[in-house]
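Residue numbers start from 1 in every chain, and the chains themselves are labelled A, B, ... in the order their sequence lines are given, proteins ahead of strands.
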Amino acid sequence: MKEIKFYNTLTNKVELFKPIKEGEVSMYVCGPTVYNDPHIGNMRPVVFFDTFRKYLEYIGYKVKYVSNITDVDDKIINKAIEENVPETTITDRYIGEYKKCLELLNVAPQYSNPRVTDYMDSIIKYINNLVNIGAAYVVDGDVFFDVAKDEKYGELSKIEIDNLKSGARVEENSKKKNSLDFALWKKTDKGIKWESPWGEGRPGWHTECCVMIDSIFKDIIDIHGGGMDLRFPHHENEIAQAEMTHHNHLANYWIHNAMMNIKGEKMSKSLGNVILAKDAIKDYGSDLVRLTLINAPYRSIINFSDKTLADNQSILQKLSSCYKQLNLFANLHGLFDKLPKHSIKIEPFLDALSNDINISNGVTEMLELIKNSNMLLRQKVENFSEIVENFSTLSDICHILGLSFRPTKISEQNISLYKDYLSAKDAKDYELSDRLRNKLIEINIL
RNA sequence: GCUUCCUUAGCCAAGUUGGUAAGGCAAUUGACUGCAACUCAAUGACCAGUGGUUCGAAUCCGCUAGGAAGCUCCA
């Protein structure tokens with residue numbers, strides 16, 4: 001198996017990846033809170049981790065990938081009240097929107113997409129255990145995690161508890177023993193609620209991931225991913241709960257992707273520059289959106305600007321034009337069904353990704369392959385085996401990157417159309433050849 | 001205030017464990033071409049500044065200047 005390494009936020013170091021079980025990867029990525037349409041930033045972790053997963057599978061790992069859906073939350077409850085409908089109306093609607101985006105962006109279905117509402121019993125049990133072992137305390141129907149009980153608290157985010165008190169936005173909550181303590185269960189009198197040993201209420205946000213990981217994976221997992229903004233407090237709090245419950249880190253490797261800016265500014269409602277994923281896909285197309293989101297170091301901020309889009313569009317244009325020619329070549333020469341699998345030519349691409357999931361460098365390798373293909377296609381003496389190998393390799397790369405290019409069988413009829421075009425051109429009948437050329441462009445063969 | 005990080009050609013931007021700088025856009029020139037489109041080739045960097053460690057540093061350490069992100073709504 002190929003050696004891969006990537007940055008572990010838990011240790012702040014690039015580390016060699018060693019899975020718990022040889023040849024298998026267990027991976028959990030925090031999913032959306034379904035209270036409105038996903039925006040373009042929500043899609044970054046989705047496509048990034050999907051690309052990573054496809055890469056892992058390509059090099060031979062069996063990947064068990066779980067991504068949750070948070071369908072219990074104040075924002076959902078408020079929206080339900082606002083629209084005067086049950087919470088499920090809101091969550092069903094936005095889960096639908098979310099899944100639509102994933103499909104459009106060519107994201108492979110995951111092993112499981114657990115919802116909080118399906119795990120309520122387990123969540124209550126989990127919290128109850130924390131109370132019983134003294135890691136959490138009950139105050140008037142609320143349950144809080146007692147951060148003071150976890151000596152390692154701050155390990156992931158490198159936050160020193162003492163430093164957090166000055167300067168940071170620390171909410172006042174007189175019920176808490178310590179301002180860092182976080183709610184595991186909230187007493188509530190409005191919106192959806194569940195019965196619990198502490199009265200009616202709903203769970204806090206941080207417990208669900210711990211419970212889902214326990215339920216689905218049964219043990220510590222390899223990789224836990226999500227956006228950088230989740231590092232603190234969400235993931236820190238997940239670790240704290242796992243430390244108290246199982247005396248482990250919940251995951252051996254923590255991967256966090258950086259955020260996105262819109263034209264150099266942070267995306268926010270108050271700036272009015274939020275771009276919805278579905279709008280971006282409609283305006284720019286799935287391939288361009290996906291490529292723009294992954295063609296950058298995942299730990300750097302992406303500036304979603306006209307310039308960035310144009311740069312990626314130009315890459316896509318090169319890819320498209322070359323890919324069509326390769327596809328045509330393979331069809332013309334009856335090589336379509338004889339494409340080699342896992343050609344060695346993909347190695348530079350795989351090497352780029354094995355080094356801290358550097359998709360940008362992978363794209364550079366793809367461009368090298370395109371350049372080489374263009375050169376081969378132009379040569380008078382056709383090098384069949386190498387061209388077909390390039391075609392196959394480029395197809396594999398597109399698959400890993402999640403771009404929509406794939407080998408397409410061209411009908412006999414269209415092949416003869418192409419041959420007619422060539423003969424018309426040879427005969428210098430440019431009127432006919434131009435007409436045929438336009439037709440071939442129209443049906444996406446040229 | 002605390003934590004983490006960044007500063008590479010006009011622009012975007014890559015640079016694992018230190019050995020004399022990927023790629024893309026734009027620009028200029030050339031090749032190919034019935035016309036287009038596409039494509040190929042050639043042409044650019046004293047790596048923010050400044051000290052130090054080293055045979056040798058964009059890459060390690062210090063300082064200066066500028067910038068970013070996070071610090072319980074947020075992917």
- Aromatic ring proximity A/Tyr253/A/Phe17, centre distance under 6.0 Å: yes

In whole angstroms, the gap separating C1' of B/A75 from CE of A/Met43 amounts to 9 Å

Can you tell me how far C1' in B/U8 sits from the matching atom in B/A48, rounded to whole Å?
-> 10 Å

With the side chain defined as heavy atoms from C-beta on, A/His39 is closest, among B/C38, B/A75, B/U16, to B/A75

ask   = Would you call A/Glu97 and A/Lys100 a salt bridge, taking side-chain N to carboxylate O under 4.0 Å as the test?
value = yes

In numerical order, the residues of residues 429-446 of chain A whose heavy atoms come under 4.0 Å of RNA chain B are A/Tyr430, A/Ser433, A/Asp434, A/Arg437

Rounded to whole Å, the CE-P distance (A/Met259 to B/C74) equals 10 Å

Any ion pair linking A/Arg202 and A/Glu87 (charged N to carboxylate O, less than 4.0 Å)?
no

From the candidates B/C32, B/A75, B/C73, the one with an atom nearest any side-chain atom of A/Leu230 is B/A75

One should read off an interatomic distance between A/Ile69 CD1 and A/Ser112 OG, to the nearest 0.5 angstrom, of 9.0 Å

Residues of residues 291-314 of chain A with a heavy atom under 4.0 Å from any atom of RNA chain B, listed by number, are A/Pro297, A/Ile301, A/Lys307, A/Asp311, A/Ser314

OP1 or OP2 of B/U33 sitting under 4.0 Å from any side-chain N/O of A/Lys428? no

ask   = Parallel, tilted or perpendicular: which fits the ring planes of A/His206 and A/His234, with parallel below 30° and perpendicular above 60°?
value = tilted

* Asked: If we ignore angles and hydrogens, is there a donor and acceptor under 3.5 Å between the side chains of A/Ser373 and A/Tyr323?
  -> no

Per the under-4.0 Å heavy-atom filter, residues of residues 3-10 of chain A near RNA chain B come out as A/Lys5

Item to complete: Could you work out the separation of B/C12 and B/U20 based on their P atoms and round it to a whole Å?
Response: 27 Å

From CZ of A/Phe232 across to P of B/U4 the rounded distance in Å is 14 Å

Ring pair (Phe, Tyr, Trp, His ring centres under 6.0 Å) for A/Phe52 and A/Phe6? Distances and angles first, verdict last. CA-CA 11 Å; A/Phe52 184 42; A/Phe6 49 81; 5.7 Å; yes

Testing B/U39, B/G23, B/U16 for proximity to the side chain of A/Glu368, the answer is B/G23

| query | Ignoring hydrogens and geometry, is there a side-chain-to-backbone donor-acceptor pair from A/Thr292 to A/Leu309 under 3.5 Å? | reply | no

Any non-hydrogen side-chain atom of A/Leu332 less than 4.5 Å from a side-chain atom of A/Lys419?
yes

Quick note, A/Thr33 side chain, CB onward, closest among B/A31, B/C73, B/A75 is B/A75

A/Met375 CE to B/C40 P, in whole Å, measures 10 Å

Rounded to whole Å, CE of A/Met366 lies from C1' of B/G24 at a distance of 11 Å

Margin query: Check the phosphate of B/A75 against A/Asn42, side-chain N and O only, distance under 4.0 Å to OP1 or OP2. Yes or no?
Written below: yes

To the nearest angstrom, the CG-C1' distance between A/Leu288 and B/G24 comes to 14 Å

Here the distance between atom C1' of B/G23 and atom CG of A/Asp351, to the nearest Å, is 17 Å

Measure the shortest side-chain to side-chain distance between A/Tyr421 and A/Leu446 over non-hydrogen atoms and say whether it is less than 4.5 angstrom. yes

Item to complete: Describe the nucleic acid contact of A/Lys75 in one word from base, sugar-phosphate, nothing, applying a heavy-atom distance below 4.0 Å.
Response: sugar-phosphate

| request: State whether a side-chain donor-acceptor pair under 3.5 Å links A/Ser26 with A/Asp222. | output: yes

Note: contacts of residues 357-365 of chain A with RNA chain B (heavy atom, under 4.0 Å) are A/Asn358, A/Asn361, A/Thr364

**Prompt:** Given the rule in the ring pair (Phe, Tyr, Trp, His ring centres under 6.0 Å) test, do A/Phe217 and A/Tyr28 qualify, once you have shown the distances and angles that lead to the verdict?
**Reply:** CA-CA 10 Å; A/Phe217 294 103; A/Tyr28 180 97; 7.1 Å; no

Integer angstrom distance from the C1' of B/G18 to that of B/G10:
30 Å

Practice prompt. Over 60° means perpendicular and under 30° means parallel, so classify the ring planes of A/Phe329 and A/His333, tilted if in between.
Written response: tilted

Taken to the nearest whole Å, CD/A/Gln325 to C1'/B/U39 is 8 Å

Compile the donor-acceptor pairs under 3.5 Å between side chains in residues 33-48 of chain A and protein atoms, sequence neighbours left out, one pair per line.
{"residue": "A/Asp37", "atom": "OD2", "partner": "A/Lys278", "partner atom": "NZ", "Å": "3.3"}
{"residue": "A/His39", "atom": "ND1", "partner": "A/Gly41", "partner atom": "N", "Å": "3.0"}
{"residue": "A/His39", "atom": "ND1", "partner": "A/Asn42", "partner atom": "N", "Å": "3.3"}
{"residue": "A/His39", "atom": "ND1", "partner": "A/Asn42", "partner atom": "OD1", "Å": "3.3"}
{"residue": "A/His39", "atom": "NE2", "partner": "A/Asn42", "partner atom": "OD1", "Å": "3.2"}
{"residue": "A/Asn42", "atom": "OD1", "partner": "A/His39", "partner atom": "N", "Å": "2.7"}
{"residue": "A/Arg44", "atom": "NH1", "partner": "A/Ala258", "partner atom": "O", "Å": "3.0"}
{"residue": "A/Arg44", "atom": "NH1", "partner": "A/Met259", "partner atom": "O", "Å": "2.9"}
{"residue": "A/Arg44", "atom": "NH1", "partner": "A/Ser300", "partner atom": "O", "Å": "2.9"}
{"residue": "A/Arg44", "atom": "NH2", "partner": "A/Pro297", "partner atom": "O", "Å": "3.1"}
{"residue": "A/Arg44", "atom": "NH2", "partner": "A/Tyr298", "partner atom": "O", "Å": "3.4"}
{"residue": "A/Arg44", "atom": "NH2", "partner": "A/Ser300", "partner atom": "O", "Å": "3.0"}

Its dot-bracket string being built from Watson-Crick and G-U pairs below 3.5 Å, with | for another strand and [ ] for crossing, RNA chain B has the pattern (((((((..(((..........))).(((((.......)))))....(((((.......))))))))))))....

Nearest-angstrom distance, P atom, B/U29 to B/C47: 31 Å

